[in-house]
Amino acid sequence: MSDTPRWPMAWIRAGLDLAVLGSLSVGPLHGYAIAQRLAALGFGVLRGGSLYPVLNRLEEAGSVDAVWVEGVGGPGRREYHLTAAGRARLGEELAQWRQLTDTLCAMAENDPGPSSTGETR
């Protein structure tokens, strides 16, 4: 049995844009390599119908750039690169996810956490 977690589908859908950005933070990848990386991290097998609309949306938003790379001994493919705006988005959205998980954990522990002014209640 693998130690890799298998995330619930609702969480995968909610975090897929962020996961794709995170996968590109280590360097450029083509779509299949992104899908393989995410599968290895517990996102399951992503089909093109799930992954490519996300990549297109991220490209339209300026978070990723795509370039055509000629294939060596095979077909060419699009390679995706994280842009400066995408790196900033990744940092901002990761911070938001951390705040959400901190809040949920505090709720589960019946701890009201910090108030909206930053003070402890």
Side-chain angles (χ1 to χ4, degrees):
M1 180 153 197
S2 171
D3 289 337
T4 302
R6 175 81 169 140
W7 307 114
M9 186 53 67
W11 293 5
I12 292 171
R13 280 192 297 270
L16 190 54
D17 288 24
L18 185 58
V20 169
L21 291 174
S23 70
L24 293 171
S25 67
V26 297
L29 295 170
H30 53 84
Y32 182 71
I34 293 169
Q36 287 182 311
R37 182 173 173 88
L38 293 177
L41 294 171
F43 286 82
V45 177
L46 295 176
R47 304 284 181 222
S50 298
L51 179 60
Y52 290 102
V54 170
L55 287 166
N56 290 335
R57 191 168 52 247
L58 292 172
E59 188 175 8
E60 287 174 8
S63 298
V64 301
D65 279 332
V67 295
W68 183 258
V69 177
E70 290 296 328
V72 178
R77 55 189 169 199
R78 292 185 84 191
E79 189 174 76
Y80 297 89
H81 303 255
L82 193 60
T83 64
R87 193 166 300 280
R89 178 179 174 177
L90 176 61
E92 291 166 10
E93 291 186 13
L94 281 175
Q96 292 170 355
W97 273 88
R98 286 184 189 111
Q99 287 177 323
L100 175 62
T101 57
D102 289 349
T103 299
L104 292 171
C105 288
M107 289 171 59
E109 297 167 359
N110 284 325
D111 177 7
S115 69
S116 62
T117 60
E119 299 174 14
T120 304
R121 295 182 205 165

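Since this is a predicted model, take the numbers as computed values, not measurements. Just so you know, residue 1 is the first one in the sequence shown, and it goes up from there.
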Exercise for the section: Starting at CG of L29, measure out to CG of L24 and round the result to the nearest 0.5 Å. Expected result: 5.5 Å

Fill in the blank from the handout: OH (Y80) and CG (L55) are apart, to the nearest 0.5 Å, by 5.0 Å

Exercise for the section: Verify the cluster assignment for L41 and L94: are they in a single hydrophobic cluster under the rule of side-chain heavy atoms below 4.5 Å apart? Expected result: yes

Practice task
Tell me whether V69 is reachable from L51 by hopping between hydrophobic residues (I, L, V, M, F, W, Y) whose side-chain heavy atoms are closer than 4.5 Å.
Solution key: no

Practice task
Check whether any side-chain N or O of S23 sits under 3.5 Å from a backbone N or O of I34 as a donor-acceptor pair, and report yes or no.
Solution key: no

Handout entry: salt bridge (Lys or Arg N to Asp or Glu O under 4.0 Å) partners of residues 64-83, not counting sequence neighbours, each pair once
Key = E59-R78

Practice task
Return each pair, listed once, that meets salt bridge (Lys or Arg N to Asp or Glu O under 4.0 Å) where at least one residue sits in residues 15-31; pairs must be two or more places apart or across chains.
Solution key: D17-R57, D17-R89

Where [X] and [Y] come nearest, the two heavy atoms and their spacing:
X	Y	value
A85	G62	CB-O, 3.7 Å
G15	W97	CA-CZ2, 3.8 Å
L90	S25	CD2-CB, 3.9 Å
L21	S63	CD2-CB, 3.9 Å

Problem - Note, L100 side chain near Q96 side chain (heavy atom, < 4.5 Å) - result: no

Handout entry: Flag side-chain contact, heavy atom, 4.5 Å: L46 against L16
Key = yes

